[in-house]
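Letters A, B, ... mirror the listed sequences (proteins, then strands); counts begin at 1.
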Number of protein chains: 2
Amino acid sequence: MPELPQSDNMVLNALSHQLVEFFDKINSWENSVVRGSGLSPAQMHTLEVIGHRQDIRMKELAERLGVTTGTLTVAVDKLEKKGLVIRKPHLHDRRSWLVSLTEKGKAIFHRHDRFHRDFTEEISAGLTTEEVAQFSALLTKLLHRM
Amino acid sequence: MPELPQSDNMVLNALSHQLVEFFDKINSWENSVVRGSGLSPAQMHTLEVIGHRQDIRMKELAERLGVTTGTLTVAVDKLEKKGLVIRKPHLHDRRSWLVSLTEKGKAIFHRHDRFHRDFTEEISAGLTTEEVAQFSALLTKLLHRM
DNA sequence: ATCAAATATCTTGACTATCAAACAACAATA
DNA sequence: TATTGTTGTTTGATAGTCAAGATATTTGAT
């Protein structure tokens, strides 16, 4: 197993802590924005995933959210009661349901998406256009390995 | 209010969705790692904050975690029962308690910190040393505005 | 020195999120 | 057809969360 040079080790250590801080700050921003919307963070996240992939099976939705189908059943029940999502039977698999956003759900989804966009603009206001492009390119490489 | 050029707008939109994806992937990685430790994500996060700032007041800990002191009282009760943290009276303010990690809590904290370090190393393995330094520098600028 | 206001923590009640396990309906395969 | 696997639901237990109220202590203004 090859050893990293000491300097690389220190950079990685610093980066690790930066990532933790970055994550925490995004997280608390997200929470404070969501709390102003009448939905819980988990509910908003559910709307987000459905919004990016309409007519999604319960099973796949649960996987993408990282919860069990049991948890999801209850969550979707509540969102359906609020009129934000709707279940439709799967045409070819009668065990399955497809979940999608209602118009009301789509409105919330798009508003939240705009919040993300505004947040991104705000935090990158200290960067030049080139630096933003650079950051995005590096992020692409990182995402490939995750 | 100045309008951004169309191309900048598109870059920001892309970056916004990249950040969401980045956040989600870190989140699910973190959750899967934590679940293997017998602690909940919230409990691990509490240990992390205490670990970085031993002898912290309940009030300040609650603020850093983004929860009310009522929530924290219950959380610290449970961590204390597990032998991971300990409350000590504040020397100069008899209303206050200082919370710190026990040896057992420190062990868990350090192990988790190493997980973060390994994760960082893994995802940045596709980057050159210079790119890692570049990414870290850009992150520093972003963190300043958050 | 006294007293009102502010602060730090804890308690309680209500609600949500979560999982695991057991179950029912249906699909896929031997 | 009979068996095995998959999809979604239900239920019981535990944890996380907040708001509101209670208690003890400190601070600040008279």
Side-chain angles (χ1 to χ4, degrees), chain A residues 24 27-28 30-50 53 55-82 84-100, chain B residues 24 27-28 30-50 53 55-82 84-100:
Chain A
D24 286 349
N27 198 35
S28 69
E30 174 83 6
N31 284 345
S32 66
V33 166
V34 169
R35 293 212 180 283
S37 77
L39 298 180
S40 70
Q43 289 176 325
M44 187 62 85
H45 193 215
T46 305
L47 293 189
E48 274 185 85
V49 175
I50 302 174
R53 195 160 172 356
D55 287 331
I56 188 175
R57 284 174 174 241
M58 293 288 286
K59 187 72 198 310
E60 188 183 348
L61 182 52
E63 276 162 6
R64 293 197 182 224
L65 291 171
V67 299
T68 63
T69 56
T71 296
L72 187 61
T73 294
V74 180
V76 168
D77 284 350
K78 281 176 191 154
L79 289 173
E80 209 169 13
K81 235 169 239 160
K82 282 175 181 262
L84 304 181
V85 309
I86 188 171
R87 278 183 177 94
K88 293 178 290 192
H90 191 290
L91 289 180
H92 307 307
D93 186 342
R94 286 187 297 170
R95 294 168 305 179
S96 252
W97 293 96
L98 298 178
V99 189
S100 52
Chain B
D24 285 350
N27 198 36
S28 70
E30 175 83 6
N31 283 346
S32 66
V33 166
V34 169
R35 292 211 180 284
S37 77
L39 298 181
S40 70
Q43 290 176 325
M44 187 61 85
H45 193 215
T46 304
L47 293 190
E48 273 185 85
V49 175
I50 303 173
R53 195 162 174 355
D55 286 331
I56 187 175
R57 283 172 174 242
M58 291 290 285
K59 187 71 197 310
E60 188 184 347
L61 181 53
E63 275 162 8
R64 294 198 182 225
L65 291 171
V67 299
T68 63
T69 56
T71 296
L72 187 61
T73 294
V74 180
V76 169
D77 284 350
K78 280 175 191 154
L79 289 173
E80 209 169 12
K81 236 169 239 160
K82 282 177 182 259
L84 304 181
V85 309
I86 187 171
R87 277 182 177 95
K88 293 180 288 192
H90 191 291
L91 289 181
H92 308 307
D93 187 342
R94 285 188 297 171
R95 296 167 303 180
S96 249
W97 292 95
L98 298 178
V99 189
S100 51

For a quick test of reading the model: is some side-chain N or O of K59(A) closer than 4.0 Å to OP1 or OP2 of dG8(D)?
no
By nearest-nucleotide position on DNA chain C, the 5'-leaning member of T68(A) and R57(B) is R57(B)
Show, in sequence, the C-alpha distance, side-chain angles and deciding distance for V34(B) and S40(B), and conclude whether the side chain to side chain contact (heavy atoms under 4.5 Å, CB included) test is met.
CA-CA 7 Å; V34(B) 169; S40(B) 70; 5.8 Å; no
Gap between atoms CG and P, on L72(A) and dA17(C) respectively (whole Å)
11 Å
Listed nucleotide nearest any side-chain atom of K78(B), set dA27(C), dG16(D), dT9(C):
dG16(D)
In Å and rounded to the nearest 0.5 Å, what is the CD1 to CG distance from I86(A) to L79(A)?
13.0 Å
Among the nucleotides dG8(D), dG16(D), dT26(D), whichever has the atom closest to the side chain of D93(B) is dT26(D)
Any side-chain N or O of S40(B) below 4.0 angstrom from OP1/OP2 of dT18(C)?
no
Regarding the side chain of S96(A), the nearest nucleotide among dT9(C), dG8(D), dC19(C) is dG8(D)
Could you grab the distance from atom OG of S28(B) to atom CG of L65(A), nearest 0.5 Å is fine?
11.0 Å
Residue V67(B), side-chain atoms from C-beta onward, closest of dT17(D), dC26(C), dT7(D):
dT17(D)
Closest to the Q43(B) side chain: dG16(D), dT26(D), dT18(C)?
dG16(D)
Which is true for T69(A) with a 4.0 Å heavy-atom rule: it touches a base, it touches only sugar-phosphate, or it touches nothing?
base
Closest to the side chain of A42(A), out of dA27(C), dT10(D), dT18(C), is dT18(C)
About how many Å separate OG1 of T73(A) and CE of M58(A), when rounded to the nearest 0.5 Å?
4.0 Å
With the side chain of R95(B) defined as its heavy atoms from C-beta on, choose the nearest nucleotide among dT18(C), dT26(D), dC26(C).
dT26(D)
Between R94(B) and dA24(D), is there a side-chain N or O to OP1/OP2 distance below 4.0 Å?
no
Is there a donor-acceptor contact under 3.5 Å from the side chain of E80(A) to the main chain of R87(A)?
yes
With a 4.0 Å cutoff (strictly under), does any side-chain N or O of T71(A) reach OP1 or OP2 of dC19(C)?
yes
Phosphate-side-chain proximity, R87(B) and dC10(C), N/O vs OP1/OP2 below 4.0 Å
yes
